[in-house]
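First the proteins, then the strands, lettered A, B, ... as listed; each starts at 1.
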There are 2 protein chains.
Amino acid sequence: MEMKNSPAQHIAALIERIGRLLSTEAHAEGLLPVQWEALRYLDKANRFSRTAAALTAYLGLTKGTVSQSLNTLEAKGLVKKLVNRKDRRSKHLSLTAKGQKLLLRDPLNVTVAVLDELEGVPQRTLTTALESLLTSRLGAQGRQPFGQCRDCCYFANRHPKGNPHYCQLLGEKLAESEAAAICFEQTTKRA
Amino acid sequence: MEMKNSPAQHIAALIERIGRLLSTEAHAEGLLPVQWEALRYLDKANRFSRTAAALTAYLGLTKGTVSQSLNTLEAKGLVKKLVNRKDRRSKHLSLTAKGQKLLLRDPLNVTVAVLDELEGVPQRTLTTALESLLTSRLGAQGRQPFGQCRDCCYFANRHPKGNPHYCQLLGEKLAESEAAAICFEQTTKRA
DNA sequence: TCCTATTAGTATTGAGTCGATACCATTAGG
DNA sequence: CCTAATGGTATCGACTCAATACTAATAGGA
């Protein structure tokens with residue numbers, strides 16, 4: 001006996017359908033869905049996490065695929081690669097001015113606008129529920145959460161003024177603006 | 001000046017990431033994501049809506065693509081096609097016993113299980129918010145909602161006992177069990 | 001200091017999606 | 001009847017993505 005159309009099944013179906021809709025919508029401005037995701041990631045990730053390897057883990061793809069997409073974005077002049085001096089295997093990625101500008105026409109913005117009209121309470125419920133769903137599913141696959149720096153167990157709020165924050169894992173000072181960036185190494189604080 | 005990381009942006013990013021995760025997870029049992037969606041659709045759709053054309057509209061793809069996927073499913077013995085006698089252009093689709101059985105191993109079930117552990121209130125908030133998001137985005141693209149029969153403006157609850165329901169659009173009687181099925185023609189009742 | 005294992009990234013190949021187009025058969029509407 | 005319009009199929013090409021094999025740089029021992 002199956003439980004047809006349980007609330008949970010319905011929610012799962014909704015998420016899958018919306019995901020499909022977002023993905024077909026993301027064929028825009030000459031870019032493909034994965035390329036938009038890469039642009040968004042590079043816009044939100046902190047400086048330690050703007051590498052092909054981190055992006056690969058974020059997207060859950062293989063590195064070959066990601067390398068290809070990054071080449072396309074570089075050829076379009078949206079992303080720059082810079083060899084890391086401390087580790088010359090790795091390349092530091094960043095958005096060009098053109099890449100930044102293109103994000104203003106991100107096809108996801110229409111959806112963001114719709115979500116923006118929700119009241120605060122549904123917004124918070126959605127955020128909490130979707131976050132716990134994502135974290136749980138990622139955890140089951142042994143993948144990192146890519147949460148915000150400020151929610152990390154290595155995040156030290158040491159100097160309220162001056163040099164406000166510090167990463168205890170990488171041993172680096174963090175600017176105020178970096179606290180909200182997403183990080184490859186992020187390990188969520190225990191409650 | 002962009003509004004980085006607004007709550008709405010965060011929610012949109014979560015949905016897109018979960019969508020991507022579900023899609024990579026749906027490479028299972030020798031099927032592909034779109035094929036799983038087709039199986040689920042055929043399991044939930046009412047008898048008027050189990051056609052390639054309706055599935056095409058549901059998925060938002062082109063009919064060629066859907067035809068191909070259905071051929072694959074038919075070749076695997078998961079789906080049956082039957083020519084409609086009233087309109088011999090169209091074919092009626094249905095799951096075979098093997099197809100039904102395979103749905104028990106649907107990779108989406110893991111996610112359903114996680115969602116099932118939410119409390120009732122977050123579940124209802126999620127449902128409402130995601131439904132309105134989906135409806136709004138579908139509407140903007142001129143696509144049908146594919147809602148449940150019972151929420152349709154053509155749904156008549158005429159005979160509480162006996163032959164309980166009736167579709168005023170198609171002029172057909174509806175069994176009790178069909179009221180919760182999703183329908184191609186569904187047009188949501190105004191509030 | 002080697003020597004090996006690991007890691008970052010690239011290149012290539014092949015299966016498969018998806019959109020576009022063209023096409024056939026059936027039905028609907030003047 | 002004749003001409004759309006509709007349901008479905010077949011084929012082609014661009015592209016994704018996984019898999020594999022590869023190069024270069026680094027890390028960690030003995």
Residue [X], side-chain atoms from C-beta onward, closest of [options]:
{"X": "Asp87(B)", "options": "dT26(C), dA25(D), dA8(C)", "answer": "dT26(C)"}
{"X": "Lys91(B)", "options": "dC18(C), dG9(C), dG8(D)", "answer": "dG8(D)"}
{"X": "Arg89(B)", "options": "dT26(D), dA5(D), dT16(D)", "answer": "dA5(D)"}
{"X": "Arg20(B)", "options": "dA8(C), dC18(C), dC17(D)", "answer": "dC17(D)"}
{"X": "Gln68(A)", "options": "dG19(C), dC17(D), dG8(D)", "answer": "dC17(D)"}

Look at [X] and [N] and indicate whether a side-chain polar atom (N or O) is within less than 4.0 Å of OP1 or OP2.
{"X": "Ser67(B)", "N": "dT9(D)", "value": "yes"}
{"X": "Gln35(B)", "N": "dT17(C)", "value": "yes"}
{"X": "Lys63(B)", "N": "dC23(C)", "value": "no"}
{"X": "Asn84(A)", "N": "dG9(C)", "value": "no"}
{"X": "Thr65(B)", "N": "dC18(C)", "value": "no"}

So which one's nearest nucleotide on DNA chain C is more toward 5', Thr24(A) or Lys81(A)?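 Its nearest nucleotide being more 5', the pick is Lys81(A).
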Between [N] ([atom2]) and [X] ([atom1]): distance, integer Å:
{"X": "Leu59(A)", "N": "dA18(D)", "atom1": "CG", "atom2": "C1'", "result": "15 Å"}
{"X": "His27(A)", "N": "dC15(D)", "atom1": "NE2", "atom2": "P", "result": "11 Å"}
{"X": "Asn71(A)", "N": "dG9(C)", "atom1": "CG", "atom2": "C1'", "result": "10 Å"}
{"X": "Arg88(A)", "N": "dT10(C)", "atom1": "CZ", "atom2": "P", "result": "16 Å"}
{"X": "Lys86(B)", "N": "dG7(D)", "atom1": "NZ", "atom2": "C1'", "result": "17 Å"}
{"X": "Leu73(A)", "N": "dC15(D)", "atom1": "CG", "atom2": "C1'", "result": "14 Å"}

At under 4.0 Å between heavy atoms, what does [X] touch on the DNA or RNA strands: base, sugar-phosphate, or nothing?
{"X": "Thr62(A)", "result": "base"}
{"X": "Thr51(B)", "result": "sugar-phosphate"}
{"X": "Leu70(B)", "result": "nothing"}
{"X": "Val66(B)", "result": "nothing"}

Does a side-chain heavy-atom distance below 4.5 Å link Arg124(A) with Val121(A)? yes
Are Gln141(B) and Leu21(A) side-chain neighbours, meaning at least one heavy-atom pair lies under 4.5 Å? yes
In terms of heavy-atom contacts, Ala26(A) and Trp36(A) come closest through O-CD1, 3.1 Å
Verify the cluster assignment for Ile15(A) and Leu14(B): are they in a single hydrophobic cluster under the rule of side-chain heavy atoms below 4.5 Å apart? yes
Is the NZ or CZ atom of Arg20(B) both under 6.0 Å from the centre of the six-membered ring of Tyr58(A) and within 45° of that ring's axis? no
